[in-house]
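Notes to accompany the following structure.
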Amino acid sequence: MTRDTIFALSSGHGRAGVAVIRISGGMARTVLERMAPPLPKPRFAAFRHVRHALTGERLDQALVLWLPGPNSETGEDMAELHVHGSRAVIQDTLASLGGIDGCRLAAPGEFARRAFEAGKLDLTGVEGLADLIEAETSAQRRQALQQAEGALRHLYDGWRQQLTAAAALLAAAIDFSDESDVGSDAARRARDEVEALQRTIRSHLDDGHRGEIVRQGFQVVLAGPPNAGKSSLLNALARRDAAIVSDEPGTTRDVIEVKLDIGGLPVVVSDTAGIREVTGKVEQEGIRRTLGRAKEADLVLWVTDGAAPAVAPPAMLSECADRVLMVVNKVDLLGSRPPRPLPAGAAAVSALTGSGLDALTRSIGSIAAARTGGAEAPPLTQARHRQHLESCCAALDSFLSSPLDDIELRAEDLRRAALALGRLTGSIDVEEVLGEIFSRFCIGK
Ligand code: GDP
């Protein structure tokens with residue numbers, strides 16, 4: 001069965017100098033021959049007049065690329081039209097493409113899906129590509145690029161091969177069970193290798209969530225007594241160069257958030273304003289929720305009013321004392337001689353005048369960098385990865401904690417462990433997650 005040829009605007013929407021329209025599938029060559037003849041040399045840009053496929057009307061002049069499969073992103077024949085980025089040029093070019101038999105507009109993520117199906121990308125690579133398109137800071141870009149280029153695939157495929165090798169040793173142990181020396185030696189070696197592999201996987205899992213933090217942002221929560229200036233501080237941070245203003249229409253939040261880019265790391269600062277407004281009896285519940293949020297945060301800024309009597313953080317927060325940074329606000333009211341010394345390590349700021357905010361931002365940045373930096377190996381970046389790696393480890397636990405005598409059962413443990421890694425990279429059993437992963441893309445990716 002031949003598949004439809006798909007096309008889409010792959011560059012952003014709205015007026016622009018250039019717009020890129022991509023085409024993938026068996027008709028890509030015919031499309032170019034009809035709309036922008038003659039066919040350019042493969043993988044070289046050529047300047048062409050673009051014509052309407054049915055009426056022959058000249059639509060634009062464009063750079064055109066012919067990217068024959070299988071050495072293309074989707075593995076299929078592909079073409080690109082780099083037309084002028086006006087609404088009319090884009091609309092008429094897409095209308096012309098839609099009028100060609102066998103061509104249709106791509107669904108969201110359909111190019112990436114075809115690349116996955118052609119084996120050009122594994123699932124972690126697809127996720128990396130989606131993250132690269134969403135990346136807002138340099139650290140996110142670096143991590144996503146590494147993943148899109150196959151760093152995690154390489155790691156997980158390597159582990160799967162080690163499991164296959166251990167399974168082969170077990171098979172040898174069965175084959176040579178008559179010669180007990182050879183057999184038990186092979187079984188022992190299998191056990192040693194599985195033990196070493198499990199240690200490697202555990203240390204990959206036990207990474208302080210650094211990949212997930214880079215992907216989702218280092219979460220900072222503002223907490224402190226009423227009127228200490230938390231909202232003012234959040235507003236002051238939002239007006240700074242580091243603030244990333246990204247409008248996401250339709251999202252409702254019970255907290256107010258500011259996204260910052262501190263030295264390339266994404267940092268999300270949130271004020272628990274929605275919760276704070278409750279009074280009276282409900283206040284207890286409000287405080288409980290605020291503290292609950294604070295406990296989940298990567299860092300809590302305990303904000304107090306420098307001109308008011310000191311307020312220590314509640315006992316509940318002292319459980320995560322290593323994740324609390326004291327901030328004394330309103331230092332503009334203190335004059336040159338503060339009434340009392342600031343707590344050690346506290347940041348002295350004024351949300352009103354902006355004094356001390358640079359140093360506070362730097363402190364947050366270095367705490368976030370310490371939490372996310374260090375290791376060279378590519379980190380896992382999503383809960384999905386964690387879940388499959390945990391089930392891989394559980395199967396290896398069963399292998400290691402049971403007697404090796406029952407070799408058939410132990411071989412089954414190894415098969416289950418390998419299956420978990422296969423699900424992770426998408427080489428097995430993935431139909432149910434595909435829809436979810438590809439729908440994260442926009443049309444044209
Ligand atoms: P929140 O309840 O902790 O969110 O506090 P707000 O941000 O609503 O601030 C409480 C009051 O303190 C407001 O009247 C602010 O204008 C004032 N305020 C906040 N930050 C400063 C500051 O740095 N200096 C001075 N002088 N006043 C401040």
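These values consider heavy atoms only, across backbone and side chains, with no hydrogens, waters or symmetry-generated copies. All ligand and atom numbering here is 1-based and tracks the order in the structure.
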Closest to atom 25 (C) of ligand 1 among N329, L357, D332 (heavy-atom distance):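 Nearest heavy atom to atom 25 (C) of ligand 1 lies in D332.
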Consider only side-chain N and O atoms of [X] and [Y], and report whether a donor and an acceptor are under 3.5 Å apart.
| X | Y | answer |
| --- | --- | --- |
| R160 | S427 | yes |
| H385 | E127 | yes |
| S231 | D271 | yes |

Check whether any N or O atom of [X], backbone or side chain, sits under 3.5 Å from an N or O atom of ligand 1, and answer yes or no.
| X | answer |
| --- | --- |
| L352 | yes |
| P226 | no |
| D271 | no |
| G229 | yes |
| A351 | yes |

Residues R215, D131: salt bridge by 4.0 Å N-O rule: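 Salt bridge between R215 and D131, a charged N being under 4.0 Å from a carboxylate O: yes.
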L333: numbered ligand 1 atoms lying under 4.0 Å from its heavy atoms: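 This gives 26 (N) as the contact atoms.
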Numbering as shown, the atoms of ligand 1 that approach S232 to under 4.0 Å (heavy-atom distance):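 What qualifies from ligand 1 is 6 (P), 7 (O), 9 (O), 15 (C), 19 (C), 20 (N).
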Row check, F111 ring normal vs R22 NZ/CZ: under 6.0 Å, within 45°: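 Yes, R22 and F111 form such a contact.
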